Peer 1: 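Take a look at the following structure, please.
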Number of protein chains: 2
Amino acid sequence: MSLRYALLALLRVGPLSGYDLQKQFQVSVGHLWHAPDSQIYPELRKMENDGLVVGEDQTRGERGTRRVYHLTDEGEQDYVRWMESPLSYARVREPANLKAAYLEAASPDAARAFLHEHIRHWSGEVEQWEAELARIDARANPMLMRRLESIDQRDHDRTVAFKRFGYEGLVDRARSEIDWAERGLALIDELYGPENGTAGHA
Amino acid sequence: MSLRYALLALLRVGPLSGYDLQKQFQVSVGHLWHAPDSQIYPELRKMENDGLVVGEDQTRGERGTRRVYHLTDEGEQDYVRWMESPLSYARVREPANLKAAYLEAASPDAARAFLHEHIRHWSGEVEQWEAELARIDARANPMLMRRLESIDQRDHDRTVAFKRFGYEGLVDRARSEIDWAERGLALIDELYGPENGTAGHA
DNA sequence: ATATGCATGTAATCCGTTACATGATTTT
DNA sequence: AAAATCATGTAACGGATTACATGCATAT
């Protein structure tokens with residue numbers, strides 16, 4: 001339901017082909033809202049039907065074609081309307097916490113493996129997002145730079161600051177997941193005694 | 001995909017009718033994994049087809065019936081298998097962070113309203129979860145008490161500790177969302193100047 | 001010539017949401 | 001007699017996942 005607004009956020013920077021959009025998506029806004037290309041192409045067609053974008057067919061070489069999408073006024077308005085209106089929050093559905101709440105049903109080894117994997121998973125996410133924060137600070141994000149070129153100098157700070165802010169929230173969340181899992185490992189040691197020597201963990 | 005394991009977690013305590021299960025679900029494991037009753041009844045039927053539970057039809061009054069579900073050995077095994085095996089993590093899809101990252105497209109008022117609402121939302125969740133933590137500590141959670149009756153005394157501490165642990169993670173996450181949103185409000189004041197007097201916020 | 005990357009999708013399935021639908025039983 | 005709550009679903013739709021499918025263009 002947010003996919004369309006993630007795509008509009010990119011197209012507000014300038015026209016992009018489906019392919020380029022999809023590629024840029026993966027390395028930018030896809031960090032905030034994941035979508036595979038098999039979902040992006042059909043969504044662009046739907047957005048065209050809804051008048052939010054127009055697709056322009058271009059030739060490529062002899063017989064190749066590609067479709068470049070342009071934001072329409074209606075698309076811009078729809079985007080701003082989304083930005084101005086309240087978010088609807090999804091109900092909680094957290095498999096990791098569900099599992100954690102009944103961890104007495106797992107062996108101590110499996111419980112430890114689960115928490116180590118949780119830490120590994122969220123550490124990987126932190127790495128991704130901090131790399132993105134570094135690119136923002138270094139002005140090394142191509143879509144952000146194109147966006148900055150197209151807007152008033154005085155709005156640069158805000159654009160950069162909010163982008164930072166969005167990613168910082170994800171980093172905070174991931175760190176909180178890691179802290180929690182580490183407390184869980186300590187809890188397991190308390191409840192079952194410390195991990196015994198030979199059997200290494202994942 | 002976790003719904004079935006949330007239901008199995010409850011049925012491990014003892015047999016329950018679809019209705020009772022659904023009611024217990026909302027006030028216990030539904031805090032970790034939400035599902036409406038319209039999803040629970042069909043899922044129970046599917047689980048019966050898969051041999052994880054058996055349904056026993058009981059009469060109620062003259063013509064009324066209700067269906068009581070019992071966990072099977074296969075159901076117990078399937079549950080433990082899930083608990084022992086690694087979780088598959090969903091890709092990130094965070095509408096609030098997506099919106100935050102492009103907040104320069106909203107008016108300062110809308111941006112503030114968004115963050116106030118974010119705080120309100122997560123504060124409500126914290127309240128729910130802390131109430132549940134209080135019920136766990138006070139041994140006032142009926143499903144938990146029934147579970148404790150059915151297991152060995154020595155496992156009580158673990159069962160209670162892990163349940164606490166699961167909910168603590170949710171509280172941590174919610175607090176991190178609130179902190180983040182508060183930093184966002186400060187950021188908006190910095191970028192646009194402090195909120196001006198008369199116009200109250202949501 | 002071959003591999004990499006450009007380019008665009010379809011199909012099947014599953015999970016979840018929302019609204020709708022129905023009727024019995026117990027409590028006031 | 002009416003209201004609350006017990007009791008169990010169906011139907012339509014939408015979004016996401018996974019696997020599959022196809023072919024052109026360009027650089028090596």
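Order of the sequence lines sets the chain letters (A, B, ...), proteins ahead of strands, with each chain counted from 1. Note that the structure is a prediction, hence the values are computed from the model and not measured.
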Peer 1: Any salt bridge between A/R112 and A/D189, counting N to O under 4.0 Å?
Peer 2: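 A salt bridge links A/R112 with A/D189.
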Peer 1: Thinking salt bridges, do B/E43 and B/K46 make one under a 4.0 Å N-O criterion?
Peer 2: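 The answer is yes: the pair qualifies as a salt bridge.
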Peer 1: Taking the six-membered ring for Trp, are B/W82 and B/Y5 parallel (under 30°), tilted (30 to 60°) or perpendicular (over 60°)?
Peer 2: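 The arrangement is parallel - the two ring planes meet at less than 30°.
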Peer 1: Can you figure out which of C/dG16, D/dT18, D/dT8 approaches the side chain of B/D37 most closely?
Peer 2: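 Nearest to the side chain of B/D37 among the choices is D/dT8.
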Peer 1: Find which nucleotide of DNA chain D each of A/S38 and B/G18 is nearest to by heavy atoms, and output the residue with the more 5' nucleotide.
Peer 2: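 Taking each residue's closest nucleotide, the earlier one in sequence belongs to B/G18.
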Peer 1: Measure CZ/B/R4 against C1'/C/dC15 and give the value in whole Å, please.
Peer 2: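 One finds 12 Å between C1' of C/dC15 and CZ of B/R4, rounded.
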Peer 1: Measuring from the side chain of B/P36 (C-beta onward, heavy atoms only), which nucleotide among C/dG16, C/dT18, D/dT8 has the closest atom?
Peer 2: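 Nucleotide nearest to B/P36's side chain: C/dT18.
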Peer 1: Need to verify one output field. Residue with the more 5' nearest nucleotide on DNA chain D, A/L3 or B/P42?
Peer 2: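 Result: B/P42.
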Peer 1: Where does the angle between the aromatic ring planes of B/W180 and A/F165 fall among parallel (under 30°), tilted (30 to 60°) and perpendicular (over 60°)?
Peer 2: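 The arrangement is parallel - the two ring planes meet at less than 30°.
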Peer 1: Rounded to the nearest 0.5 Å, what separates atom CG in B/L7 from atom CG in B/L71?
Peer 2: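 Atom-to-atom, B/L7:CG and B/L71:CG are 11.0 Å apart.
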Peer 1: Identify whether the distance between the nearest side-chain nitrogen and carboxylate oxygen of A/R173 and A/E94 falls below 4.0 Å.
Peer 2: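 Salt bridge present between A/R173 and A/E94.
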Peer 1: Say you draw a straight line from CE of B/M145 to OG of B/S150; how long is it, rounded to the nearest 0.5 Å?
Peer 2: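 Here the rounded value is 11.0 Å.
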Peer 1: Can you tell which of D/dG9, C/dT8, C/dG16 lies closest to the side chain of A/R93?
Peer 2: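 So the nucleotide nearest the side chain must be C/dG16.
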Peer 1: Apply side-chain contact (heavy atoms from CB on, under 4.5 Å) to B/K163 and A/E104, showing your working.
Peer 2: CA-CA 9 Å; B/K163 183 143 307 210; A/E104 73 277 4; 6.0 Å; no
Peer 1: Rounded to whole Å, how long is the line connecting atom CZ of A/R91 with atom C1' of C/dG16?
Peer 2: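 Distance check: A/R91 CZ to C/dG16 C1' gives 11 Å.
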Peer 1: What is the distance, to the nearest angstrom, from the CD atom on B/Q22 to the P atom on D/dC6?
Peer 2: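 My rounded result for the distance is 10 Å.
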Peer 1: Does D/dC6 have OP1 or OP2 sitting under 4.0 Å from an N or O in the side chain of B/Y19?
Peer 2: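 Checking D/dC6 against B/Y19, a side-chain N or O does come within under 4.0 Å of OP1 or OP2.
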Peer 1: Could you state the CG-P distance from B/L44 to D/dG9, rounded to the nearest angstrom?
Peer 2: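 Checked: the CG to P distance equals 9 Å.
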Peer 1: Take the protein atom CZ of A/F25 and the nucleotide atom P of C/dA7, then report the distance between them rounded to whole Å.
Peer 2: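 To the nearest whole Å, that distance equals 19 Å.
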Peer 1: Counting only side-chain nitrogens and oxygens, does A/Y41 get under 4.0 Å of the OP1 or OP2 atom of C/dT8?
Peer 2: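 Yes, because at least one side-chain N or O of A/Y41 sits under 4.0 Å from OP1 or OP2 of C/dT8.
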Peer 1: Could you go over nucleotides 2-4 of chain C and give all protein N or O partners under 3.5 Å, atom names and distances?
Peer 2:
none

Peer 1: Is it the case that over 12 heavy atoms from other parts of the model lie below 6.0 angstrom from the CG atom of B/D73?
Peer 2: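 Atom CG in B/D73 is not crowded, with 12 or fewer foreign heavy atoms closer than 6.0 Å.
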Peer 1: Listed in order of residue number, which residues of residues 57-67 of chain B have a non-hydrogen atom at under 4.0 Å from DNA chain D?
Peer 2: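 Heavy-atom contacts with DNA chain D come from B/R60, B/T65, B/R66, B/R67.
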Peer 1: Salt bridge or not between A/R81 and A/D78? Use side-chain N to carboxylate O under 4.0 Å.
Peer 2: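 Yes.
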Peer 1: How many whole angstroms separate atom CG of A/L16 from atom C1' of C/dC6?
Peer 2: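 Those two atoms, CG and C1', are 15 Å apart.
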Peer 1: From C-beta outward on A/R45, which listed nucleotide comes closest to its side chain: C/dT17, C/dT8, D/dT17?
Peer 2: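 Comparing C/dT17, C/dT8, D/dT17 against the side chain of A/R45, the answer is C/dT8.
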Peer 1: When you check the phosphate oxygens OP1 and OP2 of D/dG14, does a side-chain N or O of A/K46 lie under 4.0 Å from one of them?
Peer 2: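 Indeed not, no polar side-chain atom of A/K46 lies that close.
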Peer 1: For the pair made of CE in B/M47 and P in D/dT8, what is the distance, rounded to whole Å?
Peer 2: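 To the nearest whole Å, that distance equals 15 Å.
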Peer 1: How many Å lie between NZ on B/K23 and P on D/dT5, as a whole number?
Peer 2: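 That distance rounds to 9 Å.
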